[in-house]
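Lettering of chains follows the sequences in order, A, B, ..., and the numbering in each one begins at 1. All values below were derived from every heavy atom in this structure, side-chain atoms included, with hydrogens, water molecules and symmetry-related copies excluded.
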There are 2 protein chains.
Amino acid sequence: MNVEDVIKTDKEIPLKSRTIIHFMLVNNRINETIAQVLKPYDVSLQQFNVLRILRGQNGRPANLSTLNERMVTKMSNTTRLVDKLKSKAYVDRITCPSNRRKVEIRITPKGARALEKMDTALKTAENDILKDLSEKDLEQLNRLFDKF
Amino acid sequence: MNVEDVIKTDKEIPLKSRTIIHFMLVNNRINETIAQVLKPYDVSLQQFNVLRILRGQNGRPANLSTLNERMVTKMSNTTRLVDKLKSKAYVDRITCPSNRRKVEIRITPKGARALEKMDTALKTAENDILKDLSEKDLEQLNRLFDKF
DNA sequence: ATTTTACATTTGTCTATACAATTGTTGTAA
DNA sequence: TTACAACAATTGTATAGACAAATGTAAAAT
């Protein structure tokens with residue numbers, strides 16, 4: 001992926017700017033690929049993410065603020081995100097008995113089954129996106145990302 | 001930025017997955033920072049991007065498909081993006097005389113002046129985002145991004 | 001006990017984006 | 001010349017997300 005080709009410019013881009021633009025181009029590619037593989041399951045990346053967090057709870061319920069805390073991309077509106085999952089019967093939501101301000105959200109068996117398939121799909125996407133990167137490349141990338 | 005801390009998990013994440021998640025976390029940080037510095041000018045990153053492309057035209061007009069081609073993030077709706085810029089008087093739009101299917105879009109002097117200030121703001125954002133990365137780091141990153 | 005403050009979620013509103021269908025224009029082939 | 005295909009942009013519709021305000025509940029202060 002050559003930056004200058006993609007954005008069709010012939011002039012030299014300063015290294016810092018080039019890095020940011022390059023980053024965004026890669027981001028587009030990642031998003032497109034992941035959106036594509038999740039499409040058959042009719043969930044967005046964010047929704048998938050919430051399902052994964054709920055599974056990680058091992059039966060324990062999560063409330064909205066916990067979800068928000070753990071999401072890769074903090075959302076301003078987790079309520080409606082959970083709504084979507086509920087409408088697909090992938091999650092349950094009840095108000096917390098001990099503190100009625102909170103809600104208890106749990107993944108349903110149906111959600112868990114769907115999630116397993118999504119996992120496979122995502123693994124495929126990851127492999128595709130990263131197919132030209134060696135283990136060493138990946139470690140280097142993670143090391144560099146730590147500096148952000 | 002430690003991935004495990006941010007998404008609050010204690011279990012080990014496979015390297016590939018970790019890389020993608022790490023990438024997304026960095027992406028959030030970049031987007032937030034850039035959105036922040038552009039906010040005073042009331043333009044989105046996409047709108048800023050269009051203004052830059054128009055400036056790169058050096059007076060020559062651009063039509064919608066050209067813009068679309070050169071944008072970092074291809075959008076499904078460039079018409080409405082240009083609408084927003086027009087409503088701020090940052091661009092002009094006329095139908096192309098030689099081919100009335102096309103439109104000619106130009107940056108206005110007002111747009112050019114605003115853009116100069118935005119440039120400075122973006123430079124600040126870039127410096128902030130990349131403050132802990134050396135020149136060598138940046139080159140390494142660009143090299144790795146080429147593998148995507 | 002009553003008021004105030006803080007907490008947790010929900011709702012409203014506006015903007016952004018994806019995707020499909022439509023409109024208007026030009027070029028081309030019968 | 002007329003029909004048809006291709007092109008360029010616009011519009012419609014549905015969903016996602018940012019941000020602020022509102023609601024309902026619990027805890028703390030007086």
Side-chain angles (χ1 to χ4, degrees), chain A residues 24 27-51 61-88 91-106, chain B residues 24 27-50 61-88 90-106:
Chain A
M24 289 176 176
N27 184 58
N28 294 342
R29 162 141 167 62
I30 293 179
N31 280 340
E32 274 165 30
T33 309
I34 292 183
Q36 214 55 42
V37 303
L38 287 182
K39 196 163 209 176
Y41 306 98
D42 192 32
V43 292
S44 65
L45 177 56
Q46 296 284 13
Q47 289 175 29
F48 170 69
N49 205 228
V50 167
L51 289 177
N63 52 40
L64 282 180
S65 30
T66 309
L67 288 182
N68 231 324
E69 215 178 58
R70 303 205 181 160
M71 270 192 272
V72 176
T73 304
K74 298 336 182 206
M75 289 219 344
S76 48
N77 207 323
T78 315
T79 300
R80 282 187 275 236
L81 184 53
V82 171
D83 276 347
K84 296 283 162 60
L85 290 171
K86 193 168 146 58
S87 76
K88 297 180 187 103
V91 304
D92 272 340
R93 172 174 49 190
I94 60 166
T95 57
C96 178
S98 65
N99 183 343
R100 289 168 50 205
R101 281 176 298 185
K102 298 189 183 182
V103 291
E104 292 188 339
I105 302 157
R106 277 188 183 80
Chain B
M24 290 177 176
N27 185 56
N28 295 343
R29 160 138 167 66
I30 294 180
N31 280 341
E32 275 166 29
T33 309
I34 293 183
Q36 213 57 41
V37 304
L38 287 182
K39 196 163 210 179
Y41 307 98
D42 192 32
V43 293
S44 66
L45 178 56
Q46 296 285 13
Q47 290 176 27
F48 170 70
N49 206 229
V50 167
N63 52 41
L64 280 179
S65 30
T66 310
L67 288 183
N68 230 324
E69 216 177 58
R70 304 207 181 158
M71 269 190 274
V72 176
T73 303
K74 301 331 182 208
M75 288 221 343
S76 49
N77 206 323
T78 314
T79 300
R80 282 186 275 233
L81 184 52
V82 171
D83 276 348
K84 296 283 162 59
L85 289 171
K86 193 168 145 56
S87 76
K88 295 180 187 102
Y90 285 170
V91 304
D92 271 340
R93 170 172 52 190
I94 60 168
T95 58
C96 177
S98 65
N99 185 341
R100 289 170 47 205
R101 282 176 299 188
K102 297 188 183 183
V103 291
E104 294 189 337
I105 302 156
R106 277 188 184 79

Do [X] and [Y] touch side chain to side chain, with heavy atoms closer than 4.5 Å?
X: M24(B); Y: I34(A); result: yes
X: V91(B); Y: Q47(B); result: no
X: N99(B); Y: R101(B); result: yes
X: N27(A); Y: N31(A); result: yes
X: V103(A); Y: I105(A); result: yes

With sugar-phosphate taken as primed atoms, P, OP1 and OP2 and all else as base, the protein-contact string of nucleotides 11-17 of chain D at under 4.0 Å (heavy atoms; B, S, -) is BBB--SS

Nucleotide by nucleotide, 5' to 3', does protein get under 4.0 Å of the base (B), only the sugar-phosphate (S), or neither (-) in nucleotides 21-27 of chain D, counting heavy atoms? ---BBS-

With no hydrogens and no angle check, is any side-chain donor or acceptor of [X] less than 3.5 Å from a backbone partner on [Y]?
X: N49(B); Y: V72(B); answer: yes
X: K74(A); Y: E69(A); answer: yes
X: K88(B); Y: V43(B); answer: no

Hydrogens and angles aside, do N63(A) and T66(A) bring a side-chain donor and acceptor to less than 3.5 Å of each other?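 A pair is found: one side chain offers a donor N or O, the other an acceptor, under 3.5 Å apart.
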
Of all nucleotides in DNA chain C that come within under 4.0 Å of a heavy atom of chain B, which is furthest toward the 5' end and which toward the 3' end?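 The footprint of chain B covers dA16(C) to dT26(C).
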
Taking atom P of dC7(D) as reference, at what distance in whole Å does atom CD of E69(B) sit?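 Taking atom P of dC7(D) as the reference, CD of E69(B) is at 14 Å.
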
Taking atom CG of N77(A) and atom CE of M75(A), what is their separation to the nearest 0.5 Å? 5.5 Å

